[in-house]
Protein chains: 2
Amino acid sequence: MNVRDFKNKVYGELAVITKALANPHRLEIIELLAQGPSSVEYIADETALSIANASQHLQTLKSARLVATEKRGKYRYYSLANRHVFEVWNSMRELGLSRNAEVERLIRDFRTSRKAMESVTSGELLNRLEKGSAFVIDVRPRKEYEAGHIASAVSVPQDELIRKLKSLPKDKQIVAYCRGPLCAMADEAVEILQEKGYRAARLEIGYPEWELKGLAVNVT
Amino acid sequence: MNVRDFKNKVYGELAVITKALANPHRLEIIELLAQGPSSVEYIADETALSIANASQHLQTLKSARLVATEKRGKYRYYSLANRHVFEVWNSMRELGLSRNAEVERLIRDFRTSRKAMESVTSGELLNRLEKGSAFVIDVRPRKEYEAGHIASAVSVPQDELIRKLKSLPKDKQIVAYCRGPLCAMADEAVEILQEKGYRAARLEIGYPEWELKGLAVNVT
DNA sequence: TATATATTCAATAATTATATTGATTATTGA
DNA sequence: TCAATAATCAATATAATTATTGAATATATA
């Protein structure tokens with residue numbers, strides 16, 4: 001084999017991966033799967049895709065070996081093939097934020113319209129947890145919390161927040177986190193909490209980024 | 001704006017980037033540009049594309065803001081927009097090697113057919129340079145060496161290797177490097193050197209990875 | 001100013017990707 | 001066994017991507 005054929009084959013194989021990533025729905029699916037294994041139905045619901053279309057996208061990801069599947073009963077659970085997949089998504093998102101003012105603007109507008117300004121870094125959160133001055137809540141859907149969450153975090157899904165307000169301490173800062181830097185669930189929770197007189201802030205990152213840093217988690 | 005519209009816009013913007021990456025030629029161009037700024041003609045030559053086609057791919061990359069251009073005289077020089085672009089390529093390549101046995105096999109076959117087995121890590125090279133037991137050669141085309149190279153490396157482009165043999169020490173290990181882990185130029189140089197009785201090995205990584213690690217370089 | 005060179009542009013045909021629809025398969029539980 | 005559910009498959013129309021060709025636009029140099 002000559003050098004050109006070799007290069008064509010190598011870059012061709014790598015492009016199989018980038019082609020699998022080259023779709024907004026599939027990016028959203030990857031971020032969702034970073035929260036933990038999910039059924040097709042759950043993925044379709046969360047991403048607002050039809051079942052058939054979600055299935056088709058999942059198979060595109062599968063044939064590029066970016067996701068793995070496991071069948072349990074009637075359900076087929078999809079998950080990220082390995083840590084590298086999330087790392088690519090992570091650096092991709094960083095690149096997007098660095099090069100695309102539009103994305104930054106979208107996020108800023110969406111967030112500031114919700115008044116939730118303060119965001120806490122993972123280092124700051126660890127300090128405050130040590131001092132006992134912070135209380136961490138996970139505002140993702142319960143299924144995602146159950147698949148894995150920050151150690152010491154309590155599950156308070158968005159739609160249960162109002163009902164669970166009384167269980168939250170007023171003498172500590174409530175730190176809410178969700179799926180990642182692009183996810184708005186934590187911002188929405190912080191907005192509600194602040195309105196109700198709680199001290200609240202969002203965690204800058206989400207569960208998968210926390211886990212990637214090797215920080216303390218509970219998984220099932 | 002509701003949450004779904006927000007998500008559609010954010011993932012849509014990020015997919016602009018992944019779509020720009022979703023082509024084997026554009027991946028090859030990115031790896032080439034990681035060596036330093038290049039003219040369209042140089043890129044077309046190195047990637048075996050027609051000028052018009054290379055130009056078209058470069059504009060795809062440009063409209064996704066992955067590359068920047070600068071015009072000097074008759075030539076337009078393209079370069080990577082920032083460090084994040086190379087980082088994405090880097091983690092993409094890692095993912096490819098982890099998930100795609102085909103890529104690994106291709107590289108292994110291509111290399112072992114050239115008998116060049118030993119590869120040296122950057123840490124090992126630094127040690128040997130300190131002890132004075134290694135001599136580093138950069139086997140990329142001279143233009144790429146001139147744009148930036150490992151500190152203390154000497155330029156010995158592939159096609160000049162035979163002619164320059166006499167200038168290489170026999171009492172040190174010759175460590176050859178090129179564009180990166182996928183690049184075969186260093187393997188070919190090592191093969192020739194070993195045949196001629198030199199102790200030689202390739203550096204595991206290439207110039208851009210060395211530079212990303214923050215190790216010593218000379219740039220113009 | 002004329003000419004050669006570097007690059008881009010515009011048009012096109014061939015290929016590939018996507019969402020939708022309805023049918024099919026596999027599994028559970030009544 | 002039969003109905004309900006979860007997921008995939010197959011077919012299709014629409015849209016997007018790609019390589020090629022030849023023309024057009026700059027820029028440098030004679």
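So you know, we letter chains A, B, ... as the sequences are listed, proteins then strands, and number each from 1.
No more than 12 heavy-atom neighbours from other residues, nucleotides or ligands sit within 6.0 angstrom of NZ on Lys196(B).
Annotation: ring-ring contact (aromatic ring centres under 6.0 Å, His included) contacts of His57(A) (sequence neighbours excluded): His25(A). Applying the salt bridge (Lys or Arg N to Asp or Glu O under 4.0 Å) rule to Glu87(B) yields the partners Arg83(B); only residues at least two apart in sequence or on another chain are considered. Here Glu146(A) pairs with nothing under the side chain to side chain donor-acceptor pair (under 3.5 Å) rule; sequence neighbours left out. Among residues two or more places apart in sequence or in another chain, the side chain to side chain donor-acceptor pair (under 3.5 Å) test is passed with Glu94(A) by none. Residues passing the side-chain contact (heavy atoms from CB on, under 4.5 Å) test with Ala151(B) are Ala216(B), Asn218(B), sequence neighbours excluded. Every residue meeting the side-chain contact (heavy atoms from CB on, under 4.5 Å) condition with Ala200(B), not counting sequence neighbours, appears here in chain and number order: Ile174(B), Val190(B), Leu193(B), Gln194(B). Legend: residues meeting side chain to side chain donor-acceptor pair (under 3.5 Å) with Tyr11(B), ordered by chain and number and at least two apart, are Glu31(A). Considering only residues two or more places apart in sequence or on other chains, Arg93(B) meets the salt bridge (Lys or Arg N to Asp or Glu O under 4.0 Å) condition with Glu209(B).
Side-chain proximity of Tyr78(A) to dT20(D), dT8(D), dA7(D): nearest is dT8(D).
Atom C1' of nucleotide dT8(C) and atom CG of Asn53(B) are separated by 13 Å, given to the nearest angstrom. In this structure, Arg76(A) atom CZ and dA26(C) atom P are separated by 11 Å, rounded to whole Å. Look at CD1 on Ile51(B): it is 13 Å from P on dT5(C), rounded to the nearest Å.
Contacts between residues 54-74 of chain B and DNA chain C, defined by a heavy-atom separation under 4.0 Å, are made by Ser55(B), Gln59(B), Lys74(B). Near DNA chain C, meaning a heavy atom under 4.0 Å away, the residues from residues 6-43 of chain B are Ser39(B), Val40(B), Glu41(B).
Ring orientation note: the planes of Tyr145(B) and His149(B) are close to parallel, at an angle under 30° on the 30°/60° scale.
Residue Tyr77(B) is classed as having no contact, given no heavy-atom separation below 4.0 Å to the nucleic acid.
Helical stems in DNA chain C, defined as runs of 3 or more consecutive Watson-Crick or G-U wobble pairs with both donor-acceptor distances under 3.5 Å, are listed by first residue as C:1-30 with D:1-30.
Applying the side chain to side chain donor-acceptor pair (under 3.5 Å) test to pairs two or more places apart or on separate chains, those with a residue in residues 41-50 of chain B are Tyr42(B)-Glu144(B), Glu46(B)-Arg179(B).
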